[in-house]
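Inspection log for the structure reproduced underneath, given as structure tokens.
In this chain, residues are counted from 1 in sequence order.
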Amino acid sequence: MLKKRKLKIGIVGCGAIGSSLAKEIAVNFRGSAVLSALYDIRAEKAQSLSRSLLKNTKLSVGSLDILIKKSGLVIEASAAAAAWEITRKAVSARRKVMVMSVGGMVGHLDELFRQASRNNTQVYFPSGAISGIDALKAADIAGVKKVLLTTRKHPFAFSGVEYVEKKFKLSGLKKDKVLFSGSASKAIKYFPQNINVAAILGLAGIGMYKTKVRIIASPAVTKNIHEILIESKAAKIFTRTENILHPQNPKTSFLAVLSAIATLKQILQPVKIGT
Ligand SMILES: NC(=O)c1ccc[n+]([C@@H]2O[C@H](COP(=O)([O-])OP(=O)(O)OC[C@H]3O[C@@H](n4cnc5c(N)ncnc54)[C@H](O)[C@@H]3O)[C@@H](O)[C@H]2O)c1
């Protein structure tokens, strides 16, 4: 029988998502993949993750360039501001890339498609904290008229959001308050917390301008709730996802991390399930 080569995976960003993925790769994917490198702008985070995974081997590296050299798949799990530069470098080196900071790619998408095609490689964007991307992709082939995302979060979740703090007073809020209604493109600009959900939805369907977003502060909710309405020639689709927050980073939904793990599974498995 042919022995399969393990996919070498490097992780950029060793926070909530990067750490969870690293642990998953080291334990549950060890038959088909191997961690080749970890890199974080805060070197101590990569070092401590490396120590927690492997007692005797050092995985952390001092530069992004070395990580790219050592890896067949680069997972970006760092920050929106860094995502394009990391992806551009990895794609130019003909590496596969999984991008978590989707919002950071808006504005670079045409270039991304060009570069990935020129270098004959693949770039993966997990669905993240929402459901319905599979149906949206399929429906879009026949034609989608409308995509509307309604996000409800506790007022707490908006503290520190400049756009909200300038326009609203949320302390003591007793009922739902619509904070924003407009294009995904504008939502990405004003709501850094919602950036990935709005961006993946725009990317999978009718684009950042036609995809509409409503953001509501709701004192009655404790989870981050995303509802998506899709009207298309093939079907009318409605999904609702009530997200439990990641224990290490309350800004990140647990499902977003699991979605990255599921994407990795798709990459590694010979049989792919779902759209
Ligand atoms: N696609 C999705 O559904 C989804 C969901 C949640 C979060 N995200 C995004 O994924 C990214 C990671 O999320 P997280 O919860 O793990 O965040 P986190 O803050 O827990 O970890 C991010 C890590 O990246 C490091 N970092 C920052 N800039 C870097 C750079 N230029 N180079 C290398 N390392 C850098 C930080 O030091 C930190 O350790 C964020 O951009 C976040 O917005 C995506």
For this session: Check whether more than 12 heavy atoms from other residues, nucleotides or ligands sit under 6.0 Å from atom CZ of R118, and answer yes or no.
Result: yes

Exercise. If you round to the nearest 0.5 Å, how far is NZ of K70 from CG of L38?
Worked result: 10.0 Å

Exercise. Which atoms form the tightest heavy-atom contact between I188 and M208, and what is the distance?
Worked result: CD1-SD, 3.9 Å

Show me the donor-acceptor pairs, under 3.5 Å and distance only, between side chains in residues 126-134 and residues at least two apart or in other chains.
| residue | atom | partner | partner atom | Å |
| --- | --- | --- | --- | --- |
| S131 | OG | T241 | OG1 | 2.7 |

For this session: Evaluate the ring planes of Y163 and F180, with Trp represented by its six-membered ring, and classify them as parallel (under 30°), tilted (30 to 60°) or perpendicular (over 60°).
Result: perpendicular

Seminar exercise, completed: Nearest heavy-atom contact between V123 and A116 is CG2-CB, 4.2 Å

Problem set entry | Gap separating the CG atom of N196 from the OG1 atom of T252, nearest 0.5 angstrom | 8.0 Å

Exercise. Does any pair with a residue in residues 209-252 pass ring-ring contact (aromatic ring centres under 6.0 Å, His included), and if so which ones, sequence neighbours excluded?
Worked result: none

Problem set entry | CD (E162) with more than 12 external heavy atoms under 6.0 Å | no

For this session: Using a cut-off of 6.0 Å, state whether more than 12 heavy atoms not belonging to K272 lie near its atom NZ.
Result: yes

Problem set entry | Ionic contact status for E227 with R152, cut-off 4.0 Å | yes

Exercise. Among side-chain atoms of S101 and E76, is any donor-acceptor pair under 3.5 angstrom?
Worked result: yes

